[in-house]
Amino acid sequence: MANSTQLKSDALLEQMKQHLDTDAGKELTKKIGLVYQINIAPKKIGFEEVTYIVDLKKGEVIKGTYEGGKPDATFSFKDEDFLKVATGKMNPQIAFMRGAMKIKGSLSAAQKFTPEIFPKPSKM
């Protein structure tokens with residue numbers, strides 16, 4: 001695992017951490033209440049992936065693996081595709097059909113993982 005890899009997604013996930021501390025973020029945590037694992041690869045899914053946990057039970061974002069059992073759904077993306085989906089530039093269903101996003105775990109949990117859960121990027 002190359003943790004030294006700088007991903008464009010790091011900034012977005014950092015914003016997500018702060019977003020979950022806001023009232024809108026707390027509302028999201030109450031509404032969704034699921035745990036997502038996001039594997040982000042610099043260039044090719046499955047290689048040098050950086051793992052993030054977006055815990056919408058506790059309202060936190062952690063870099064690293066999930067300690068509380070199994071996440072409800074796991075997503076794998078290339079860095080640029082994750083940004084496109086998270087910022088609403090690519091439809092998650094289309095990303096999945098094109099193979100730009102891979103999903104493991106509960107599909108109903110995965111369907112709740114939409115661009116709406118991400119903070120609107122102020123400037124990226």
Side-chain angles (χ1 to χ4, degrees):
M1 271 216 163
N3 285 339
S4 59
T5 311
Q6 263 311 109
L7 298 169
K8 294 181 192 124
S9 306
D10 289 339
L12 182 72
L13 286 152
E14 201 48 52
Q15 283 183 340
M16 180 82 179
K17 267 184 205 176
Q18 290 153 12
H19 178 61
L20 289 174
D21 287 336
T22 66
D23 290 341
K26 289 182 173 75
E27 198 54 45
L28 205 61
T29 307
K30 260 191 251 161
K31 191 172 115 186
I32 297 181
L34 297 166
V35 178
Y36 297 108
Q37 178 174 316
I38 306 170
N39 300 324
I40 303 171
K43 292 184 174 47
K44 189 170 185 220
I45 291 177
F47 295 91
E48 296 181 359
E49 289 182 332
V50 176
T51 300
Y52 280 93
I53 300 300
V54 177
D55 187 335
L56 296 177
K57 283 182 179 160
K58 291 184 192 158
E60 58 187 21
V61 177
I62 308 155
K63 194 170 188 173
T65 52
Y66 185 51
E67 303 295 325
K70 282 175 86 170
D72 294 293
T74 299
F75 298 90
S76 297
F77 291 96
K78 282 191 326 206
D79 190 23
E80 62 195 54
D81 292 332
F82 173 70
L83 280 174
K84 285 179 192 167
V85 170
T87 56
K89 289 184 174 83
M90 187 191 296
N91 179 304
Q93 283 90 356
I94 290 170
F96 179 71
M97 287 188 284
R98 286 188 185 153
M101 170 172 85
K102 298 201 178 341
I103 303 171
K104 284 189 191 131
S106 161
L107 278 179
S108 64
Q111 287 169 333
K112 292 186 176 107
F113 189 79
T114 63
E116 287 76 55
I117 72 170
F118 291 98
K120 296 296 156 255
S122 40
K123 54 180 190 275
M124 281 189 80

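We're numbering straight along the sequence, starting at 1.
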Chemist: Give me each pair satisfying side chain to side chain donor-acceptor pair (under 3.5 Å) with a member in residues 91-101, each pair once, sequence neighbours excluded.
Modeler: none
Chemist: Please round to the nearest 0.5 Å and tell me the distance separating atom CG of D81 and atom CE of M90.
Modeler: 4.5 Å
Chemist: Excluding sequence neighbours, so at least two apart, what forms side-chain contact (heavy atoms from CB on, under 4.5 Å) with K104?
Modeler: T74
Chemist: How long is the gap from CG on L56 to CD1 on I32, to the nearest 0.5 Å?
Modeler: 5.5 Å
Chemist: Sequence neighbours left out, what passes side-chain contact (heavy atoms from CB on, under 4.5 Å) with K70? Give chain and number order.
Modeler: none
Chemist: Who pairs with S106 by side chain to side chain donor-acceptor pair (under 3.5 Å), at least two apart in sequence or on another chain?
Modeler: S108
Chemist: Enumerate the ring pair (Phe, Tyr, Trp, His ring centres under 6.0 Å) contacts for residues 59-101, please, sequence neighbours excluded, ordered by first and then second residue.
Modeler: Y36-F75, F75-F113, F77-F82, F82-F118
Chemist: According to side chain to side chain donor-acceptor pair (under 3.5 Å), who are the partners of E80, at least two apart in sequence or on a separate chain?
Modeler: none
Chemist: Could you report the tightest heavy-atom contact between G64 and I53, atom names first, then the distance?
Modeler: O-CG1, 3.3 Å
Chemist: In the hydrophobic cluster built from side-chain contacts under 4.5 Å, what are the other members alongside F47?
Modeler: none
Chemist: Give me the atom names and distance for the closest heavy-atom approach of V85 to A95.
Modeler: CG2-CB, 3.7 Å
Chemist: NZ of K112 to OG1 of T114: how many Å apart, nearest 0.5 Å?
Modeler: 11.0 Å
Chemist: Show, in sequence, the C-alpha distance, side-chain angles and deciding distance for L12 and L83, and conclude whether the side-chain contact (heavy atoms from CB on, under 4.5 Å) test is met.
Modeler: CA-CA 8 Å; L12 182 72; L83 280 174; 4.1 Å; yes
Chemist: With side-chain contact (heavy atoms from CB on, under 4.5 Å) as the criterion, how do I45 and K78 come out once you've worked through the C-alpha distance, each side chain's angles and the decisive distance to 0.1 Å?
Modeler: CA-CA 6 Å; I45 291 177; K78 282 191 326 206; 4.2 Å; yes
Chemist: Does the side chain of Y52 come within less than 4.5 Å of I62's, by heavy atoms?
Modeler: no
Chemist: Are the side chain of D10 and the backbone of L7 linked by a donor-acceptor contact shorter than 3.5 Å?
Modeler: yes
Chemist: Quick one: closest heavy-atom pair of K63 and V50, and the distance?
Modeler: CE-CG1, 3.4 Å
Chemist: Work out which heavy atom in L13 is nearest to a heavy atom in I38; give both atom names and the distance.
Modeler: CD2-CD1, 4.4 Å
Chemist: Are any non-hydrogen side-chain atoms of M101 and P92 less than 4.5 angstrom apart?
Modeler: yes
Chemist: Going by salt bridge (charged side-chain N to carboxylate O under 4.0 Å, His left out), name the pairs with one or both residues in residues 26-41, residues two or more places apart or in two chains.
Modeler: E27-K30
Chemist: Would you give me the side-chain donor-acceptor pairs under 3.5 Å for residues 17-25, sequence neighbours excluded?
Modeler:
residue	atom	partner	partner atom	Å
T22	OG1	H19	O	2.6
T22	OG1	G25	N	3.1

Chemist: Please report the shortest heavy-atom distance between T29 and K57, naming the atom on each side.
Modeler: CG2-O, 3.3 Å
Chemist: Are L107 and I117 connected in a single hydrophobic cluster, I mean Ile/Leu/Val/Met/Phe/Trp/Tyr linked by side-chain heavy atoms less than 4.5 Å apart?
Modeler: yes
Chemist: Got a sec, which residues hit side chain to side chain donor-acceptor pair (under 3.5 Å) with D79, two or more places apart in sequence or on another chain?
Modeler: S9
